[in-house]
Number of protein chains: 2
Amino acid sequence: MRILIADCSVDYEGRLSAHLPEATRLIMVKADGCVAIHADGGAYKPLNWMNAPNTLIEEEGRWIVTNPKGEQLTITLHEVHSETRHELGQDPGLEKDGVEAQLQKLLAERVDVLEEGLTLVRREYPTTIGPVDLLCRSSDGGAVAVEIKRKGGIDGVEQLTRYLDFLRRDTRFESVRGMFVALDITPQARALASDRDIEWQEVDYDELRGIESDHLKLF
Amino acid sequence: MRILIADCSVDYEGRLSAHLPEATRLIMVKADGCVAIHADGGAYKPLNWMNAPNTLIEEEGRWIVTNPKGEQLTITLHEVHSETRHELGQDPGLEKDGVEAQLQKLLAERVDVLEEGLTLVRREYPTTIGPVDLLCRSSDGGAVAVEIKRKGGIDGVEQLTRYLDFLRRDTRFESVRGMFVALDITPQARALASDRDIEWQEVDYDELRGIESDHLKLF
DNA sequence: AGTTCCATGTCGCGG
DNA sequence: CCGCGACGTGGAACT
């Protein structure tokens, strides 16, 4: 990601025509090429923007952003106050609706629901390519990486496979099993998981919540 | 404006529950107090945000943003890579020409697109209950009142009907036809218009823009 | 303040 | 790729 603080004026020609007079603003260029121009207020919506995909041509004191639909954003840079670049990497993404996060939380508290004798090592165990939802230890001492999804599709199995690749290179672990857990798992995902010796398991959300509240009542 | 680049995890509790696992992200705090958390891709919309007004409490390694509606955003800062502040000042704001206004303008310049031989009398022709978008004259000399909408619904037909009532009481007009024009017209609006002998017509915005630019090229 | 409608809406899902 | 609906829609105009 690239961040500029600059005095600039902006023109947009596309679905409508718009113009921004000269002022100091923040210009954000993301890794996917999208551009956003922010003022120091007014919620999260930028004053002007161009979504990916688009091409950015940098001339002296002028940026021209064009997209395949023929929309064009022209940024005239009068003075650049600062310019920085940062490597952010891929984002694991938002867990929405609370369902996935809630599910992860519930299961983290009761991993033995998934397998007798299973204990939690860490939630969101970090790897170089992102955090594993749950890292556990089975009763025989082996590690178990658990990937949790609301809807279990092929992509989830692929994700868990990548984590397993990395975890298995870590010499601290004797062995690492993979477990794919979701409210619903598609037949394709089941087949792929089985083929890769990844266990899969469907869980019932209401039942889990019930187990949790029973658990709370007991103690 | 304050810009942080940091490894963080985020929890939002409010209109829904959402969670962001740990990753490197940009955190933007604007002068009005609104907060936005951006990944390095995915258009201009942040992963998570809190609009002004809200209060920001900074603890060690944890920010808690609360708004009067009781929504809460918790940012756990695992590692801050960079933090900068910039004075941007007040923004003069965006000058734009919106779609509906643009549509009216385009059609005003080329009313013959709607009907052969049609000529413009006036844009925003005033009546006691409000201005008619376009008042035109057809090749046979009769008046034509045009109502333009982006999305043509029943309410638009009702509006045009009221204008026609008033225009038809005006003795200066022999006769007044009504024409309802929109990018899309709902089936209900079409039926109502037809029932009241109001012509309706869907127009294509891009095509109109095309006609306009062709027109400009010719002269 | 509540309501309705527009938006360079954005975004995700299904066909 | 495209149509359709939901959105923490946001925002403005109007009642």
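A note on names: the letters A, B, ... follow the listed sequences, proteins ahead of strands, and every chain is numbered from 1. None of these values were measured; they are calculated from a predicted model.
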Output side-chain donor-acceptor pairs under 3.5 Å for residues 35-53 of chain B, partner residues at least two apart or in another chain, one line each.
residue, atom, partner, partner atom, Å
H38(B), ND1, K30(A), NZ, 3.1
D40(B), OD1, A31(A), N, 2.7
D40(B), OD2, M1(A), N, 3.0

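- Side chains of H19(B) and E124(A): a donor on one and an acceptor on the other come within 3.5 Å.
- The CG atom of L94(B) sits 13 Å away from the C1' atom of dA7(C) (whole-angstrom rounding).
- Distances shorter than 4.0 Å separate some side-chain N or O of R150(B) from OP1 or OP2 on dA7(C).
- Checking R2(A) against T84(A) by side-chain atom types alone, no donor-acceptor pair falls below 3.5 Å.
- One interatomic measurement links the two molecules: CD1 of I37(A) to P of dT8(C), which rounds to 15 Å at whole-angstrom precision.
- Between the side chains of Y12(A) and E71(A), a donor-acceptor pair is found at a separation under 3.5 Å.
- Between K45(B) and E71(A), the one whose closest nucleotide on DNA chain C sits nearer the 5' end is E71(A).
- Y44(A) has its OH atom 14 Å from the P atom of dG9(C), to the nearest Å.
- Between D32(A) atom CG and dT10(C) atom C1' there is a gap of 14 Å when expressed in whole angstrom units.
- Here the separation of dA6(D) from dA7(C), taken at their C1' atoms, is 15 Å to the nearest Å.
- L103(B) has its CG atom 14 Å from the C1' atom of dA7(C), to the nearest Å.
- dC7(D) and dC6(C) are spaced 15 Å apart, taking the C1' atom of each and rounding to whole Å.
- In this structure, W49(A) forms an aromatic stack with the base of dT8(C), since both conditions hold: centre separation below 5.5 Å and plane angle below 30°.
- R25(A) contributes atom CZ, which lies 11.5 Å from atom CG of L77(A) (distance to the nearest 0.5 angstrom).
- Taking atom P on both dG11(D) and dC11(C), the two are 15 Å apart, rounded to the nearest angstrom.
- Put simply, NZ on K149(A) is 17 Å from C1' on dC13(C), counting in whole angstrom units.
- Taking the nucleotide of DNA chain C with the nearest heavy atom to each of M50(A) and G42(B), the more 5' of the two is matched to M50(A).
- Across all strands, N51(A) comes closer than 4.0 Å only to sugar-phosphate atoms, never to a base (heavy-atom distances).
- Rounded to whole Å, the distance from CG on D91(A) to C1' on dC11(C) is 16 Å.
- Of all nucleotides in DNA chain D having an atom under 4.0 Å from a heavy atom of chain A, the first and last in 5' to 3' order are dG8(D) to dG11(D).
- One can place CG of L47(B) at 15 Å from C1' of dG12(C), the figure rounded to the nearest angstrom.
- T74(B) and D11(B) are not linked by any side-chain donor-acceptor pair at a separation below 3.5 angstrom, with hydrogens and angles left out of the test.
- At most 12 non-hydrogen atoms from other residues, nucleotides or ligands lie less than 6.0 angstrom from CD of E87(B).
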